[in-house]
Amino acid sequence: MYSEKIPARQLSAWLFTALTPVLIQYTSGSWTWTLMAGALAAVAGWLSWRFGRGGLAGGIVLLIVVGSMMKDAARCWPGDNYPAVPLILLALAAWSAWKGPSAAARTACVLFWAVLLIYIVVFASGVQGVELRWLKPRRPEPNWPLLLLLLVPSSSIPLLNKEGRWGIRLLLPILFAVAASMIVAGVLSPGLARELERPFYEMSRSLDLFGVAKRFEAVISAAMTVGWFCLMSLSLSLIAGGVKRWPKGAIVVAALAMAGWMLCDLHISGGILLLLATVFWVAFPILAQGIDFQKKS
């Protein structure tokens with residue numbers, strides 16, 4: 001049950017639902033960095049899906065990455081929501097992963113349409129207020145959480161069935177992140193976007209769609225909540241799928257480890273996390289597939 005694989009279409013929808021809201025939460029006015037990071041992640045994703053074969057180590061790295069960022073799930077909604085919101089979402093994600101990756105993927109596919117519609121509507125509203133002079137390319141400003149999240153599709157290979165192939169749908173989170181960065185920079189200005197803790201959320205508070213729909217912060221908060229839930233369920237599903245014995249126990253242990261990591265406020269530098277992600281999500285899976293191919297031939 002927990003080692004079952006899912007089609008590329010379902011996995012792509014799951015990744016979009018998990019990544020897009022969280023990526024946009026981390027976006028700033030540096031759309032040039034988002035574009036460059038997205039291009040690198042697209043190449044890494046294509047290589048991984050085309051030639052890679054992931055394993056449990058990649059799932060553990062994803063667990064560490066998400067555990068390191070998980071406290072930011074409390075910022076989905078205004079007010080002091082730490083640690084209640086992250087822990088509630090983690091519990092719901094564990095319950096979803098408990099049912100197996102196929103059930104978790106179906107849940108994400110249903111939520112996919114809601115997330116897609118929310119951001120299309122908000123983008124359409126935001127474009128009206130874009131100042132083209134603020135979209136002038138500037139020196140990229142590194143954003144390590146953004147780059148790490150863009151690489152997450154490379155970690156999802158263990159969930160993919162044998163017929164699954166890299167497809168254009170995997171570029172959607174990258175395209176939405178770039179669009180969000182450009183709209184934030186064009187509406188708020190790059191300088192103001194850098195100063196704000198949640199620039200896209202703050203921007204959404206001043207938007208209206210043709211004078212009818214106004215103040216989109218509630219739906220943006222809902223979308224971010226969905227994104228964190230799906231990202232956590234993806235992490236736990238990868239762990240369960242990589243353990244042959246007691247996968248349910250692995251889900252519980254992994255969820256407790258993520259909660260402990262967050263509550264203890266443990267830190268690993270962005271550079272080290274990026275190195276681990278590159279090695280265990282891209283380099284090792286491709287190398288393992290190459291070695292396996294040579295043995296069979």
Side-chain angles (χ1 to χ4, degrees), residues 15-16 18-45 61-62 64-76 86 115 119 122-123 126 130 134-155 170-204 220-221 223-224 227-228 230-232 234-235 261-262 265-282:
L15 288 167
F16 175 87
L19 292 177
T20 301
V22 184
L23 281 169
I24 291 176
Q25 181 179 345
Y26 282 105
T27 54
S28 63
S30 182
W31 64 266
T32 49
W33 168 261
T34 307
L35 183 61
M36 291 171 56
L40 291 173
V43 173
V61 171
L62 180 60
I64 296 172
V65 169
V66 177
S68 300
M69 299 179 178
M70 200 171 67
K71 64 181 180 181
D72 291 333
R75 296 160 51 196
C76 293
V115 172
Y119 284 106
V122 176
F123 285 176
V130 169
W134 284 335
L135 294 181
K136 180 181 178 181
R138 290 174 169 81
R139 185 176 63 182
E141 299 174 4
N143 184 332
W144 301 119
L146 194 73
L147 181 53
L148 278 167
L149 289 169
L150 287 168
L151 287 172
V152 166
S154 296
S155 72
L170 289 166
L171 294 178
L172 283 178
I174 298 172
L175 296 177
F176 273 64
V178 172
S181 296
M182 296 183 73
I183 292 172
V184 163
V187 173
L188 298 179
S189 82
L192 180 57
R194 284 195 301 269
E195 296 175 3
L196 294 174
E197 189 176 11
R198 298 178 297 175
F200 191 87
Y201 174 85
E202 296 298 334
M203 180 201 70
S204 69
I220 292 299
S221 292
M224 287 190 291
W228 281 106
C230 289
L231 184 58
M232 294 176 193
L234 179 71
S235 306
W261 191 283
M262 180 191 71
D265 198 21
L266 300 178
H267 290 284
I268 296 181
S269 70
I272 293 177
L273 284 176
L274 182 60
L275 177 62
L276 290 173
T278 303
V279 169
F280 289 102
W281 295 352
V282 184

What residues, two or more places apart in sequence or in another chain, satisfy side-chain contact (heavy atoms from CB on, under 4.5 Å) together with Trp134?
-> Glu131, Ser189, Pro190

Name each donor-acceptor pair under 3.5 Å that joins a side chain in residues 32-43 to protein atoms two or more places apart or in another chain, with its distance.
{"residue": "Thr32", "atom": "OG1", "partner": "Arg138", "partner atom": "O", "Å": "3.1"}
{"residue": "Trp33", "atom": "NE1", "partner": "Asn143", "partner atom": "O", "Å": "3.3"}
{"residue": "Thr34", "atom": "OG1", "partner": "Ser30", "partner atom": "O", "Å": "3.3"}
{"residue": "Thr34", "atom": "OG1", "partner": "Ser181", "partner atom": "OG", "Å": "3.0"}

Short side-chain to backbone donor-acceptor contact, Gln25 and Asp72, under 3.5 Å = yes

For Leu266, the side-chain contact (heavy atoms from CB on, under 4.5 Å) test, sequence neighbours excluded, returns Trp261, Cys264

Those residues at least two apart in sequence (or on a different chain) that pass side chain to side chain donor-acceptor pair (under 3.5 Å) with Trp31 are none

For Tyr26, ring pair (Phe, Tyr, Trp, His ring centres under 6.0 Å) partners two or more places apart | none

Is there a side-chain contact between Val130 and Met182 (heavy atoms, below 4.5 Å)?
-> no

Using side chain to side chain donor-acceptor pair (under 3.5 Å) as the criterion, list what pairs up with Ser154, not counting sequence neighbours.
-> Ser48

Nearest 0.5 Å, what's the CG-CG distance between Leu150 and Leu23?
-> 5.0 Å

Close side-chain approach of Ile64 to Leu273, heavy-atom, < 4.5 Å = yes

For Leu276, the side-chain contact (heavy atoms from CB on, under 4.5 Å) test, sequence neighbours excluded, returns Val61, Ile272, Phe280

May I have the step-by-step check of side chain to side chain contact (heavy atoms under 4.5 Å, CB included) for Phe176 and Leu19, ending in yes or no?
-> CA-CA 10 Å; Phe176 273 64; Leu19 292 177; over 6 Å; no

Using atom types as modelled and distance alone, determine if a side-chain donor or acceptor of Ser28 lies under 3.5 Å from a backbone N or O of Ala193.
-> no

Note, Leu231 side chain near Met69 side chain (heavy atom, < 4.5 Å) | no

Less than 4.5 Å apart, any side-chain heavy atom of Val122 and any of Ile183?
-> no

Heavy-atom closest contact (Glu197 atom, Arg75 atom, distance) = O-NH2, 2.8 Å

Leu15 versus Leu234: any side-chain heavy-atom pair under 4.5 Å?
-> yes

For Val115, which residues count as a side-chain contact (heavy atoms from CB on, under 4.5 Å) partner, sequence neighbours excluded?
-> Phe16, Thr17, Pro21, Tyr119, Val226

Sorted by chain and residue number, the salt bridge (charged side-chain N to carboxylate O under 4.0 Å, His left out) partners of Arg194 (sequence neighbours excluded) come out as Glu141

